[in-house]
Amino acid sequence: MAGNGVDQPAFLALERELTVLLRRARANQGEMAREVHPDLEPSAYGLLVRLDECGKQRATDLAAYIGVGKATMSRQLRALEELGLVAREPDPADGRAWLVELTPEGRTRVGRVREARRARYAGRLAHWDPDEVTELARLLHELNRQMEK
């Protein structure tokens, strides 16, 4: 495996820092989920954010985006409906499919938590140059794009 670059200090540092970031992100996801609703599963928070950003979506598209099967997505959506955070309706383009969207209550709760999270980022990164924050966002976007391939 020598010579493929994976043992270079830059890749070792990247792996270490991403591990820390992902561990913290998982912990934060649980906190944010509880802030949306005390009974919300941490794994469902990303689903709510996706609906907040993209609007009404087919359940199958949500499952593909999150990376879960139809049965898991169906179970999560049922739980979110019971909490009053999402509503489902038949897809007019395909009667077998469902469209999912945030309820007004879901949109309010998710929006409040996302705004608080952005405020925490702004507070913690207040000493950064705004161009550095922009560059970090750009690099993370590029990393996420490459990971999807």
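It should be emphasised that the depicted structure is a prediction, and the values quoted were computed from it without experimental measurement.
Within the 4.5 Å cutoff, the side chain of Arg50 has heavy atoms near those of the Leu62 side chain. Under the 4.5 Å side-chain criterion, counting only non-hydrogen atoms from C-beta, Thr60 is not in contact with Trp98. A heavy-atom distance below 4.5 Å is not found between the side chains of Arg88 and Leu99. Leu18 places a side-chain heavy atom less than 4.5 Å from the side chain of Leu143. In this structure the side chain of Arg26 never reaches within 4.5 angstrom of the side chain of Pro42, judged on heavy atoms. Arg24 has its side chain out of reach of Leu21: every pair of non-hydrogen atoms, C-beta onward, lies at least 4.5 Å apart.
Placement of Leu48 and Tyr65 within a single hydrophobic cluster is found when ILVMFWY residues are connected by side-chain heavy-atom separations under 4.5 Å, directly or transitively. Under the 4.5 Å side-chain contact rule for hydrophobic residues, Met147 and Phe11 share a cluster. Residues Val68 and Leu40 share a hydrophobic cluster, clusters being chains of Ile/Leu/Val/Met/Phe/Trp/Tyr side chains in contact below 4.5 Å.
Rounding to the nearest 0.5 Å places CZ of Arg114 at 10.5 Å from CZ of Arg107. Once rounded to the nearest 0.5 Å, the distance linking CG of Leu85 with OH of Tyr45 reads 12.0 Å. A distance of 10.5 Å separates CD of Gln29 from CZ of Arg34, quoted to the nearest 0.5 Å. With rounding to the nearest 0.5 angstrom, the CG atom of Leu12 is 7.0 Å from the CZ atom of Arg16. To the nearest 0.5 Å, atoms CG (Leu51) and CG (Leu77) are separated by 8.0 Å. In this structure, the separation between CG on Leu80 and NE2 on His37 is 10.0 Å, given to the nearest 0.5 Å.
Scanning both residues, Ala63 and Gly69, for their nearest heavy atoms gives CB-O, 4.2 Å. Contact detail for His127 and Arg124: the closest heavy-atom pair is CE1-O, 3.3 Å. When all heavy atoms are compared, the tightest approach of Gly84 to Thr103 is O-OG1, 2.6 Å.
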Notebook entry, point to check: Taking it one step at a time, do Trp128 and Leu136 satisfy side-chain contact (heavy atoms from CB on, under 4.5 Å)?
Noted result: CA-CA 11 Å; Trp128 283 37; Leu136 176 60; 3.8 Å; yes

Margin query: Determine whether Thr108 and Leu102 satisfy the following criterion, side-chain contact (heavy atoms from CB on, under 4.5 Å), listing intermediate values before the conclusion.
Written below: CA-CA 9 Å; Thr108 298; Leu102 290 174; over 6 Å; no

Note to self: For a side-chain contact (heavy atoms from CB on, under 4.5 Å) check, start with the C-alpha distance between Glu101 and Gln57, then their side-chain angles and the critical distance, and finish with the verdict.
What the structure shows: CA-CA 7 Å; Glu101 66 181 327; Gln57 304 243 324; over 6 Å; no

Check: Would Val86 and Glu81 satisfy side-chain contact (heavy atoms from CB on, under 4.5 Å), going step by step from the backbone distance to the final call?
Finding: CA-CA 5 Å; Val86 302; Glu81 278 184 299; 3.9 Å; yes

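The local environment of CD in Gln146 is crowded, with over 12 non-hydrogen atoms from other residues, nucleotides or ligands closer than 6.0 Å.
In terms of modelled atom types and a separation under 3.5 Å, the side chain of Thr134 and the main chain of Pro130 share a donor-acceptor contact. With Asn144 contributing its side chain and Leu140 its backbone, the two residues share a donor-acceptor pair below 3.5 Å. Under the 3.5 Å distance criterion, the side-chain polar atoms of Glu132 are matched with a main-chain donor or acceptor of Asp129. Under the 3.5 Å distance criterion, the side-chain polar atoms of Ser74 are left unmatched by any main-chain donor or acceptor of Lys70.
One finds no salt bridge joining Asp91 and Arg96 here, because no Lys/Arg side-chain nitrogen approaches an Asp/Glu carboxylate oxygen to under 4.0 Å. Taking a cutoff of 4.0 Å between a charged side-chain nitrogen and a carboxylate oxygen, Glu142 and Arg145 qualify as a salt bridge. With respect to Arg117 and Glu35, no salt bridge is recorded, no charged nitrogen being found less than 4.0 Å from a carboxylate O. Look at Glu135 and Arg138 and you find a salt bridge, because one of the NZ, NE, NH1 or NH2 atoms lies within 4.0 Å of a carboxylate O, short of that distance.
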